[in-house]
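Worksheet: the structure to be examined is printed underneath.
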Amino acid sequence: MTLDEVRAAHRVCILFDGGDEAALGAARRLWRSLASAGLPARYFERANAGWTLRAQSPR
C-alpha cells in the first residue's frame, strides 16, 4: 500500500503477527512512513480484554 492510497482511504487497518520478526519490522517501517508523511496512525495491541491503544502519531 502506498502513502497516496492511504491518503485516499477513509480508514486502513493493517494486521500483523507481532511474534514474526519480519512482519514486525515491516509494520515498524510502515509506521515511520505514515508518521513522517504527517498521516494519523494508531497502534493497538490485542490483550485479553480486547484491544488497547499503545501509540498514536500526532496529527
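Predicted model, so just to flag it, every value in this text is computed and none were measured.
- Scored by the salt bridge (charged side-chain N to carboxylate O under 4.0 Å, His left out) test, Arg54 finds Glu45 as partners (sequence neighbours excluded).
- Counting only residues at least two apart or in different chains, salt bridge (charged side-chain N to carboxylate O under 4.0 Å, His left out) contacts with residues 13-26 are absent.
- Judged as a side chain to side chain contact (heavy atoms under 4.5 Å, CB included), and not counting sequence neighbours, the contacts of Leu34 are Leu3, Val6, Leu30, Leu39, Ala41.
- Partners of Arg11 under the side chain to side chain contact (heavy atoms under 4.5 Å, CB included) rule, at least two apart in sequence or in another chain, are Cys13.
- Cluster note: Trp31 groups with Phe16, Leu24, Tyr43 through ILVMFWY side-chain heavy atoms spaced under 4.5 Å, whether in direct contact or through intervening members.
- Partners of Asp4 according to the salt bridge (charged side-chain N to carboxylate O under 4.0 Å, His left out) rule, which considers only residues two or more places apart in sequence or in another chain, are Arg7.
- Under the rule for a side chain to side chain contact (heavy atoms under 4.5 Å, CB included), the partners of Leu53 that lie at least two apart in sequence or sit in another chain are Arg42, Phe44, Gln56.
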